[in-house]
Amino acid sequence: MNTVVVDSISAAEQGTSLWTDAWARLRKNRLALFGLWVLVLFSVIALLTPWLAPYAYDAQNLDLGPTPPSAAHWFGTDIFGRDLLTQIMYGGRISLAVGFTATAVALLIGVTWGAIAGYVGGRVDAVMMRLVDILYALPFMIFIVLLMVVFGRNLLLLFLAIGAVEWLTMARIMRGQVQSLRQQEFVEAAISLGLSPTTIVRRHLVPNALGPIIVYTTLTIPSVMLLEAFLSFLGLGVQPPQTSWGLLISYGAETMEEFPWLLIFPGAALTLTLFALNFLGDGLRDALDVRGSGD
Amino acid sequence: MWRFVGWRLLQAIPVILAVITVTFFLVRAAPGGPFDSEKAVIPEVKAALEAQYRLDLPLAQQYLAYLADLAQGELGPSFKYPGRSVNELIAAGLPATAELGAYALLVAIFFGGMAGVIASLKPNTAQDYIPMSLAMIGICMPTFLLGPLLVLLFGIHLEWLPVAGWGDMPGDKILPSITLGAAYAAYIARLSRAGMLEIMSQDYIRTARAKGLPEWQVVTRHALRGGLIPVVAFLGPAFAGLLAGSFVVETIFQIPGLGRFYVQAAFNRDYTMILGTTVFLSTLIVLFNLLSDVLAAWLNPRLRAQFGEA
């Protein structure tokens, strides 16, 4: 079992021992492993929700109304008699999708931006990073609210808006990495071989900066999910008939006096996921020995 | 030092200008005019309204006129509350929000700082793990979940504290302040722990101990100052987060503050209000960032030497 895992990882990374070491360290960190498993479990459930969900997403039962958890409805039902577990599963699909997609957008912009600034250096670098500094100082939470108001509340815009905010730290980290890497011999060797800058950045710089990127990505996902839930709670994010954990929490908070389970279960789902991601991120940071530059 | 402050002030100007410009054109780009919702306004009335709000001018002129107003501290009239200016609405909402933010910040600094320092004194023992686990919960539990849960527990079940309001009943400020401050207490706990751990291994701490100072004096006199620099640097960004958090907390606890106005303005499409509040809040945030940077630099002797005696 042990060797199989190690083999597959080192095969993927062409035998660099860094990743084997990191995996061995990560495996000793119980909290991080717990986070990893929770994350895998929730992702699988989210992917298979249409087949796993105990009830249909839009199935209402107005005669039933809100009921506390029971054998038929494990997490109870809401005021329309809808199964809460089903709602949470479908809500999780959206929450996780926003988390992963927006982080991917941030990753793409941030890594590209930072790599170019760090590699080209000089005046280009100065201009690009000044822009990042200026954007950093902008109150983005307010801007996202503004964007959602101005352009209506659609999910694609939400992905883009959140992604566009979160790339800044990624760009800074990437630039720092590339700057220190580009003075090393193997990059000089690549330059003297006549490789194009694009190839050097893609094949030599980005892979070598992967550690910090992975760590920071893992820690970006929870902050993105929190942002989505924040917007949905205010009514500016995901809109019915779609649902998300943030939206379920906001409905739950309205009726928590009589039906507390409507608040507690969606809240637990979101908090558990954020826990898992933060633990995993912290564990990865230790395992890959990344000195935090983001915080 | 003053050169540093001046330099940072100079940097703040393009940021604020960018905020104003982006916000202005975003709001103007929004589909649907502010008076579209009213049922069949007579064309003459609509024209009069538009003239009053300068909507009949070309966009560039509107922008310049707005900048000229801003330069005089005039944020314009509200679309939705005729006869009231954005300045008045902000003035009405600001006291509650400022008070809430100040209390939350106090909660965050006091509890977070204390937890972090206590944890850092005996790393990897129960004295470290317990406060740090609590901090992790604080980071992962969103404000909009913590608030309702606290209300459920202390307001509804135990009936110890009021569930809503601001300054109407004794004790009604406690739950909102804790709700808003909790997440920042958690971050501050982590930052101050890390900062203190780094400082406590420095040579000058060993010197202080070698002088025979009692441990509490080593911590309070020598370590705290350096160990808390990351916390001070964090306060600027935290301020922006606190403002955004106040949107949620003011909604949950029905506090008549700026955050609730902003969310309502967003729903009402009260464009001048959105514009005015955004500009106002952004300027506040930029200034607060500046303040926290200057404070952090002042606490750091190396930076002070670099800018100070020049």
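Every chain is numbered from 1, with letters handed out A, B, ... down the list of sequences. What you see below is based on every heavy atom in this structure, not just the backbone, and it leaves out hydrogens, waters and symmetry mates.
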- prompt: In terms of heavy-atom proximity below 4.5 Å to chain B, should A:Leu270 be classed as side chain, backbone, both, or neither?
  reply: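 Contact with chain B is through the side chain of A:Leu270 alone.
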Fill in: chain B contact via A:Ile249 - side chain, backbone, both or neither, heavy atoms under 4.5 Å
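Contact with chain B is through the side chain of A:Ile249 alone.
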Measure distances from [X] to the heavy atoms of chain A and classify the residue's part below 4.5 Å as side chain, backbone, both or neither.
X	answer
B:Phe247	both
B:Thr277	neither
B:Ile137	both

* **Leading residue by heavy atom contact count with chain A [cutoff under 4.5 Å; candidates B:Ile274, B:Val263, B:Val248]** =>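 Option with the top pair count is B:Val248.
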- request: Could you tell me whether the side chains of A:Glu254 and A:Ser250 share a donor-acceptor contact shorter than 3.5 Å?
  value: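 Checked: A:Glu254/A:Ser250 side chains show no N/O donor-acceptor pair below 3.5 Å.
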Point to revise | A:Phe275-A:Phe34 aromatic ring centre distance below 6.0 Å | key: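 No: the rings miss the under 6.0 Å criterion.
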Please work out which of the three classes, parallel, tilted or perpendicular, describes the rings of [Y] and [X], given edges at 30° and 60°.
X	Y	result
A:Phe265	A:Phe75	parallel
B:Phe239	B:Phe288	parallel
A:Phe233	B:Phe144	parallel

